[in-house]
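Structure, as structure tokens:
Every chain is numbered from 1, with letters handed out A, B, ... down the list of sequences. The basis for the numbers below is simple: all heavy atoms, side chains too, and nothing from hydrogens, waters or symmetry mates.
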Number of protein chains: 2
Amino acid sequence: MINPTRFLSDLHHLRSFGPAGVGKGVVRPAYSDADVAARDWLAGRMRDAGLTVQMDGMGNLFGLADAPSLLMGSHSDSQPEGGWLDGALGVIAALEIARASREAGGPPVSVVSFQDEEGRFGVTTGSAVWSGHLGQNEADVLTDHAGVALGDARKALGDRVTGPVDPSQFTGFIEMHIEQGPTLDKSGEQIGVVTDIVGIRDMKITFDGQQNHAGTTPMHLRRDAFQAVSAFNTALNDRFRNVVTPQTVWTIGHVSLHPNASSIVPGRAVFSMQWRDGDSDRLLRMEGIIRDLAAQVAQDRGLGLSFGPLLGLEPVAMDGRLRRALEQGAEAVAPGNWRTMPSGALHDATNVSRLMPVAMLFVPSIDGISHAFEEDTAEDDLIAGVQVLERAVQALT
Amino acid sequence: MINPTRFLSDLHHLRSFGPAGVGKGVVRPAYSDADVAARDWLAGRMRDAGLTVQMDGMGNLFGLADAPSLLMGSHSDSQPEGGWLDGALGVIAALEIARASREAGGPPVSVVSFQDEEGRFGVTTGSAVWSGHLGQNEADVLTDHAGVALGDARKALGDRVTGPVDPSQFTGFIEMHIEQGPTLDKSGEQIGVVTDIVGIRDMKITFDGQQNHAGTTPMHLRRDAFQAVSAFNTALNDRFRNVVTPQTVWTIGHVSLHPNASSIVPGRAVFSMQWRDGDSDRLLRMEGIIRDLAAQVAQDRGLGLSFGPLLGLEPVAMDGRLRRALEQGAEAVAPGNWRTMPSGALHDATNVSRLMPVAMLFVPSIDGISHAFEEDTAEDDLIAGVQVLERAVQALT
């Protein structure tokens with residue numbers, strides 16, 4: 001049986017490394033003193049739980065049970081200004097499951113805290129290297145905003161590094177995480193079982209019009225790049241209606257006008273177009289609509305059009321067997337008060353899915369806030385999440 | 001009779017002061033060596049024409065005929081990168097009219113080249129000070145982009161300054177100018193008689209939404225500030241349809257999103273809203289629509305809304321008598337091939353209208369281009385413009 005008091009005590013203790021800002025905020029970026037100290041403390045708690053501690057060259061910290069075992073965890077590094085739960089929750093929940101299972105003579109469970117999930121040096125770099133998605137040599141030349149190379153930063157690990165950790169000892173990976181969005185908080189549901197981590201498409205689009213005097217250029221002779229962006233956006237929202245699901249999202253988050261002055265008709269607009277969905281086919285259909293519509297707007301208005309490179313990450317479907325175990329656990333712990341849902345954010349599970357079956361569990365984020373000091377979740381919901389994990393692990397043996 | 005060869009020769013000579021860039025480009029900002037040298041040459045040509053040269057403290061250069069007289073002219077300073085006609089055309093045209101009229105024993109015509117119309121230190125500062133709209137002490141503390149104060153810059157005038165020039169000696173002011181827009185060039189008409197210099201309203205509008213993760217925030221829970229701007233713009237274009245005339249213009253030229261990142265739902269959008277029309281009442285009706293619509297968009301989408309201060313310049317109607325003289329001249333010189341039209345740009349005539357009746361005449365700008373080295377007008381059109389001025393002056397005696 002899990003021990004909620006011990007679980008919450010460890011979770012609160014972890015936020016004592018790099019406490020900052022208001023409330024329960026933390027500043028614990030990868031390889032910082034606070035991050036390394038937190039990993040030292042975590043290693044001790046893993047040993048206390050009877051697990052064998054290993055750390056690979058990236059600083060991914062493992063607490064290993066007897067092989068073969070299920071792997072559970074997340075990451076303990078934080079955003080430059082982060083909350084106490086993003087990543088930390090999944091690590092401490094895994095620790096509690098591993099020791100409770102061991103105490104009860106249950107199935108072996110190993111624990112991991114991946115490094116640099118928050119991308120001081122890139123995107124989920126710790127699990128990217130461990131999963132073979134990114135070579136260590138490629139990773140080492142990545143730099144942070146201050147120009148520090150990852151290869152130099154990870155020297156802070158010193159002799160903690162024991163060497164590579166063989167993924168073949170694990171039968172699957174389950175990551176518990178805060179939702180980081182408002183869906184569960186709005187619906188009042190306590191648990192989300194993730195169906196897939198959505199795929200992402202992102203590209204820059206440029207409309208080239210004619211820069212002109214905003215006083216002397218009649219409306220009908222303008223080739224206004226901002227008007228093109230606005231017309232494109234309005235028409236896109238309409239055209240997407242029959243293609244998207246309630247889970248699909250799309251965003252124009254960046255707009256840059258030239259020369260961006262109140263008395264000049266904008267001659268050029270560069271903007272970002274990003275869309276996310278769990279279905280690769282739908283992502284492709286949306287791309288087609290975006291390209292066709294932009295071309296039509298450009299042609300109708302006499303503007304030039306160019307597309308930047310299309311950046312993409314494929315959707316990752318959760319493993320059916322692991323997911324069913326989580327769903328059954330959710331129904332037992334919170335009957336009728338949980339849902340299946342996609343993850344709109346990236347997670348370490350995306351990388352780990354290259355190596356083994358993966359699944360994810362969400363608990364609510366109050367007001368949907370994350371990546372901020374104010375990030376929080378009701379303690380009842382945190383405990384409910386761990387209880388779902390416990391039932392799932394039992395069901396999987 | 002005007003002498004087209006002499007007129008064109010002087011006009012080309014003026015562009016030899018500060019020649020730059022491609023084609024007929026000039027760089028002759030207010031108080032630069034090129035500007036002061038051009039004023040010295042202009043003063044000589046005024047004297048040659050039998051006019052009495054005076055320069056006020058701002059550097060506005062007058063060639064005075066016997067009082068009372070009509071005043072004609074424009075400005076001979078240029079944009080940081082300008083063309084050969086913006087301002088210069090009106091000055092040389094006035095010079096040609098003044099000397100041709102004097103040669104023919106016609107009515108007395110005085111000539112002016114205002115200083116800093118292009119606003120190195122503000123907006124039409126030379127005529128603003130002369131008209132009493134701006135005090136010399138207020139003007140002297142204005143600075144250019146390099147931090148130079150107008151009060152220091154105008155020391156370059158040295159002993160050229162003769163003192164204040166009394167406006168009461170002038171019976172009216174006529175300014176010939178290139179259109180700086182595409183209307184005449186597109187229609188093929190040779191002359192535009194200005195009906196009014198349009199009024200301007202300009203304000204910043206801010207939508208405050210909710211900054212959110214672009215992956216984890218469902219569309220229906222977003223309060224996206226860019227979407228608000230786009231919806232506002234689309235609806236505004238529609239609502240203006242029954243209020244505006246073909247001469248009305250409105251522009252969103254500046255848009256600033258926060259944090260302006262492709263993976264983040266924009267939490268804030270600040271944008272410029274500028275509109276121009278010859279009718280104060282229409283400007284006010286448009287303001288009402290803008291404010292109401294922005295409030296509605298903000299309310300519908302759950303965003304905060306704030307308006308910056310409303311900046312405004314009132315429309316200036318051209319004097320009926322002067323305008324009719326120009327219209328009759330236009331019909332004689334270019335029968336059926338001219339139009340009446342508003343000026344969407346500001347001119348020195350706006351300031352001078354505080355002192356006396358004013359009117360303006362436009363000739364076409366090739367491709368509507370101005371404030372650029374490429375600015376040009378067909379020489380036939382330049383001459384036609386001077387011929388219209390000549391007939392108008394004769395009709396006004």
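Of the residues considered (B:S370, B:S230, B:A231), B:S230 shows the highest number of contacts with chain A, using heavy-atom pairs under 4.5 Å. Between chain B and the residues A:H371, A:H254, A:H258, the largest count of heavy-atom pairs under 4.5 Å involves A:H254. The residue among A:G253, A:G344, A:G181 with the most heavy atom pairs within less than 4.5 Å of chain B is A:G253. Among B:I264, B:T217, B:L221, the residue with the largest count of heavy-atom pairs under 4.5 Å with chain A is B:L221. Contact count against chain A (heavy-atom pairs under 4.5 Å) is highest for B:P182 among B:P182, B:P259, B:P246, B:P218.
With rounding to the nearest 0.5 Å, the separation of CG in A:D116 from CG in A:D348 is 9.5 Å. To the nearest 0.5 angstrom, B:R276 atom CZ is 5.0 Å from A:S263 atom OG. A distance of 8.5 Å separates OG1 of A:T216 from CE of B:M341, quoted to the nearest 0.5 Å. Separating the CZ atom in A:R268 from the CG atom in A:L303 is a distance of 11.5 Å, to the nearest 0.5 Å. The CG atom of B:L257 sits 7.0 Å away from the CZ atom of B:F226 when rounded to the nearest 0.5 Å.
Listed for the B:R201 side chain is no donor-acceptor partner under 3.5 Å among the backbone atoms of B:Q274.
Donor-acceptor pairing under 3.5 Å is recorded for the side chains of B:Q227 and A:N233.
Residue contact with chain A, scored on non-hydrogen atoms closer than 4.5 Å, involves the backbone and the side chain of B:I252 alike. The contact between B:A261 and chain A is made entirely by backbone atoms, counting heavy-atom distances below 4.5 Å. Contact annotation for B:S365: neither backbone nor side-chain heavy atoms come within less than 4.5 Å of a heavy atom of chain A. Using a 4.5 Å cut-off between heavy atoms, B:W275 makes no contact with chain A at all. Using a 4.5 Å cut-off between heavy atoms, B:V198 does not touch chain A at all.
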